[in-house]
Each structure stands twice: as structure tokens, then as C-alpha cells.
2 protein chains.
Amino acid sequence: MVKITDVARHAGVSPSTVSYALSGKRPISEETRQRVAESIRRLGYRPHAGARALASSRSNVLALVVPLRAGIHVPVVMQFAVSVVTAARLHDHDVLLLTQEEGEEGLRRVADTALVDALIVMDVQLHDPRLPLLRALDRPSVLIGFPAAADGLTCIDLDFKAAGELCVERLAGLGHRVVALVGSPPEVYVRGTAFAQRVVQGFTAAADRSGLASSVHPCEASPAAARRVAEQLLREQPALTGVVVHNEPVLEPLIDAFGQLGLRVPADLSVTAICPDELAESLRVPVTSVAIPSAEVGARAVELLMNQLNGKPASEATLLTPRMTERASTAPRTLNA
Amino acid sequence: MVKITDVARHAGVSPSTVSYALSGKRPISEETRQRVAESIRRLGYRPHAGARALASSRSNVLALVVPLRAGIHVPVVMQFAVSVVTAARLHDHDVLLLTQEEGEEGLRRVADTALVDALIVMDVQLHDPRLPLLRALDRPSVLIGFPAAADGLTCIDLDFKAAGELCVERLAGLGHRVVALVGSPPEVYVRGTAFAQRVVQGFTAAADRSGLASSVHPCEASPAAARRVAEQLLREQPALTGVVVHNEPVLEPLIDAFGQLGLRVPADLSVTAICPDELAESLRVPVTSVAIPSAEVGARAVELLMNQLNGKPASEATLLTPRMTERASTAPRTLNA
DNA sequence: TTCCCCCGTCGAAGCGCTTCGACGTCACGC
DNA sequence: GCGTGACGTCGAAGCGCTTCGACGGGGGAA
């Protein structure tokens, strides 16, 4: 293994000079820098990560905790993970993958052993048991999602409340008067997953504000459940002309089910969704949707951590403004009349 | 930060004794071990990962390279990643997540900096450009999937050829005489993804052996493409009664498309698939399928690495025997006659 | 009884890097 | 002309851990 002393000897400088040439933490003359760079290239030198971590107390690794629970949409998680890795690499950091299964002990372990410099935690619950730990840890962390009390914690997420509102307002703007929200599976609400609840809040608030009749329906992630919800909606709200869907796997089956029940989208029924753009675009009837910007959230989360690692003050809350893309699933109600 | 010398002092032993008590690499009396354990508990000691890595030249971290390409089914990747993390933890290792985007340089980096002890590489191509590098690297690696020449490399995967055969044989056993394979998107074959090609081989070989008329159809991962393939199949092979699907996102749309074209599954058409069990089970018509055992592959991959890290000889090839689960999508051809 | 060897423990020497203080040199301002 | 800094570099001191050789004591073999 070629080490820093080998490079130093080869370049005719001291090891510390090589180190400074590499880190830029002290001025090094252009000529020396060149010579060092050349020696590094020639010898194929790679600094030893462990030695570096020990000496600098920086591992240049971030922990990413991914959820495994029922009811979360896997591709979104994956896309998010990838964007975190990509963003981290831009800052010369790597990403350690932890599963939620590891729990608080896992977080404590990677933090206390100095395996990682900072943590990103996904799928935050309203009253997440990990919050006290994250506050107490001596390393910065970013939560994806907002718990009930976010004080002292850095959080980021799509503004799901605004997303819910946006979906309703769009329908209201098209003249729809009776709307329903088809939401995530019941267990997601039961365990207090913040983003799901926020969508409900936004949906309800906006419906009330606009004077719409509205209802909320959690829905299992299966075609059969979608079918049941569709039937139930027609039964209970015969005047229904607008549906907001916040449940990726159910979006397509639900539209199918409405179709089989004689309701065409968008002729008889307008649908808006909160889901990744790729999903919304790929359906038979492309769906007007609020995007879940996983890539942006991931990148921003990394930026927030980097700021903290570089001693900048931690901004507490970052809510990303939802953006809606008009597609083929929405139409003015006048057409249905 | 509490360090090993603190523990040693508190327990009235030397640091090396603490180290040996922890690692078990030398005999330590039960009494001393107890005392050390108690001190560790009391002081909340956690060994510094970097220091450990430096001194022992073992980071206890594995690299996992995940694919990002088009045409791969994301949930399978995610499930695999999770199983790798879980298995790694059982061996006191963590997992560093790399994207394929990082390429060979990424592999070299984490290996040469001693950031990781070993690597797991997914989505191996038949002529993967990373193979020479992996052979040359001074740390062990396991490939998920088989390249054209696997010599000197440890590989593991489902036996996709056998899986393709199994699907055909099942259909043949039910009396079907004309079969088709609906495969992965064209780009997957173009770039020489081993498992996709192996399925085709198995499918064709088994069909020939059984004297079946057969055809192979790559298919984009969209409902529209599924529809087109369904129409094409009916046109070109009117006598078709058996279909093998190796393309997760297309499985459901394809069955739907056949339905709309007047072919009921399994009454008119028997379908077998190679896909995760969860997918096969969740469809309207649960599909007879060969499971993709991501969890098992992940766990086994980790075991293989651990063996190599512990100095045991590296087994070269591990092919997992495919297992088929009978579900509702297959029926004897006599029924259709 | 004597010799060996194994058990249990210690001390010291690193592992390869970063960082701190120090030092010489040079340019500048007064 | 000399103090003052900034610049560029060096040497040494660790960072916290593992591991190697050594050593005293006790038990079994001879």
C-alpha cells in the first residue's frame, strides 16, 4: 500500500505538505502542488479512509435510514436513496445504508462509533421515538418529514398540506362541488405518519374553504381495495365528480374500477393525485398530479447536512412548494353536466 | 468521548486486555471479561470505527453497488439491498451504498481507500466492464448475476435458465403446444444483461425439447407496450395458449390486455411468470410463478463474502434452484379445447 | 521434582493520516 | 532599516485502536 510518506518522499516534500496540498487547508505553492499531484498520480496513492477519519475525526460518510414499513411506496424510497448518494458524492461523502429495523440502537451505534458524520432519517412519524435521540446525538441530522414537534431538529419535505390543498383547489377551480380523498393505507395513519396526515388536513381545509362536500377514505394498496373504495364512493356520494388520490399503487386500479363502474376519467370524473411524475405520466390516462420531488428532497437534505458539518447554522424547516402538472385526468365539471 | 484507555482504567486492566476481551482473539478470564463488560456498560464506551479500521485494516463495511438503469424492477433492488444490510448486520458489518453511476472509479475508490472490506455488485452484464477491475482488486467481491466468463469471480444468482425452463415445462405439462415469452425491455437484452438472456435460453431450449412452437418478445415496461405485444401475439400465433412473462411491470397490463382481446386467464390462456412472489400474489388473477428470491440471494451473497474475509476459499458459482408456486393463472389445455 | 507449555495479562509499537506550532523568507509600510 | 505579516514548508505529536512479543504462574508430562 502506498502511503502519504511515500508520496512525500517521491515529491521531495514532507508528509504534512502533501496533506495540505490535498486538503487546501494551508497555502501551498502552485509548483509544489503540481509536483505532489504528479507523485500521487504516478504512485497511485489513495489516502486510507480509516486513518483519515481517526486523525481528522471526520469519516466523510452519511447515514441514511430507509423505511421498510408496510404502505410506503418502494420506488420513491429508492429514488430518494439514489439522489442522496449522488448528492453526497458531490460533497465527497459516501452513504451508509441503515434499515429502520435497526432502530435507535442503530442510529446511536453509527453516530457514537464515529462511523458517520451525520444522519438522514426518512419516514418520520408525528411522534417518532427517535426524536429525543436525534436531538441528543452529537452529530447533525436531517429528517425527511415533519414530526409534531420539530424544535431543535432540521426537517425537510414536500409541503404535503399545500399539496392536498392544491389538488382540491384545482378541482374546485374546474367547478367540481363534491370531492373525495383516497388516501394511504389505514396503518399509515394509525402510526401517525406525518405526510399522510398533512395531506388530509390540506384536503379538508381547502374543501371547507371552497364550500365543497368532501370525504376521506384510507385505502389498502391492492386493486381489490381500490375497487371497494370506488364502489363505496359511488354509493355514498353519487354526486361525486372529483377525486384526489394519495396512494401510488392504488391510482391505476382505482381509475380502472371507476371505469368499470361506468365513470370515465375525465369525462365523468376528474382525478388529481399526489405521486411521482413518472407514475402519473405512465398511466393509460395520464393523471394531473402534484409531484413528489424525491430527487430534490434528497439533494436538499444533503445540502442541509453539509452546511451543518461546515459550521453553518442549521435551518429548521424546509417545506418545498408543491407544483402541479396538468394532465389528461382533469376536466371542467360543465362537461359532465 | 470515552475511549479504550478509560475503560481499561475503570476496569483496572490494560487497554490490550479490553481489546482482547472485546474481540476474543486471546483468552481472557471470565472474571476479567465481566469486569470489562461492566465498565464498558457504565461508561457507555463505543470503539471508534476509524481507529479500529486503521489498526486492524478492517473497516467492517461492505460496499453494495445498485443499478439505476432503465428496465430493472426497483422493488426487487430495494428488497435485495435491505436483505444485504440485514445479513451484513448479523456479521457485524455495515453497508455502503454506491450507485452504478459511480462506475469503476467508485469501486476502486472505496476499495483502495480501505473504506470497505468487500464488494457486492448487482446487475452484472455478460461482458461487464467492471470484471477486470474486480479481479484485480485486493478485496473480495460477489457478483449478483453471471457474466459470460466468471473465472476468478464469485457469482450468485437465481438459475434463470432453469427458471425459464421450468415455466415452459409447466405449460408443456399442462398440454400447451404453442407458447410465447414476453421478456424484459429491449435495452436490457441489448446491453447483455445476463439474467434476461438466460431466461430466453432456458425458455427456447425447453420449448424445443418439448417440441413446442415458441416465440420471444421483448417488451417495454408500459401498459401500452403490453397491449401491443398482446395484439401481436394473437395475430402471429393464433393457436397460442401459454405465455411466460419475465417483466414485472408488464405482467398485470398484459393479462388485462389479453382479457380485453377476449382471452381469459387461465380459461383460454395459461400464464406463468418469473417475478417476486408478492407481485404474483397481488394480482387479480394470482399468477403461477417462479419466485425471484432477492432476500435469499442477498443473504447468501453476504455469507460468501464473510467466508472470504475469514480466509475460507471462495466458491465460484452459486446458482439457486428456481421454485415454482402454482397459482390461479395456469390450467390444462384440454379445458380450452 | 523438573521442564514445558499454555493461560491470562501487560506494555509498547505501530496503523496512516491531520494538525499545530515553529521557522525562514519575502514584501510591504513607516 | 526594521518591525510586521502573510506565505510556504517542516517536524512532531497525536487520533484510538489492535497486535505482537514478553512474562509470571500453574498444571501436566516425564
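Owing to the predicted nature of the structure, the values given are computational and were not obtained by experimental measurement.
Among the nucleotides D:dC10, C:dC10, D:dC17, the one closest to any side-chain atom of A:S14 is D:dC10. The side chain of B:H48 lies closest to D:dC17 when the candidates are D:dC10, C:dG16, D:dC17. Of the candidate nucleotides C:dG16, D:dT9, C:dG8, D:dT9 has the atom lying nearest to any side-chain atom of A:I28.
When only modelled atom types and interatomic distance are considered, A:T86 and A:S83 share no side-chain donor-acceptor pair under 3.5 Å. No side-chain N or O of B:E38 forms a donor-acceptor pair with one of B:Q34 less than 3.5 Å apart.
An OP1 or OP2 oxygen of C:dT19 is reached within less than 4.0 angstrom by no side-chain nitrogen or oxygen of A:S56. Within the structure, a side-chain polar atom (N or O) of A:K25 is placed less than 4.0 Å from OP1 or OP2 of C:dT19. Remark: B:S16 is not in phosphate contact with C:dA12, judged by side-chain N or O atoms under 4.0 Å from OP1 or OP2. Contact annotation: B:R52 reaches the phosphate of D:dT18 (side-chain N/O to OP1 or OP2, under 4.0 Å). The side chain of B:Y20 places no N or O atom within less than 4.0 Å of a non-bridging phosphate oxygen (OP1 or OP2) of D:dC20.
Residue B:P27 is in base contact, counting any heavy-atom pair closer than 4.0 Å across all strands shown. Nucleic acid contact for B:S19: base, since at least one base atom lies under 4.0 Å from a heavy atom of the residue.
Where B:R33 and B:A55 each meet DNA chain C at their nearest nucleotide, the meeting point lying more 5' is that of B:R33. Both B:R35 and A:T17 sit near DNA chain C, but only B:R35 has its closest nucleotide nearer the 5' end.
Salt bridge status for A:R191 with A:E187: absent, with no side-chain N to carboxylate O gap under 4.0 Å.
No hydrogens or angles were tested; on distance alone, a donor-acceptor pair under 3.5 Å links the side chain of B:R26 to the base of C:dT9.
Shown here is A:R42, whose CZ atom has no more than 12 heavy atoms of other residues, nucleotides or ligands within 6.0 Å.
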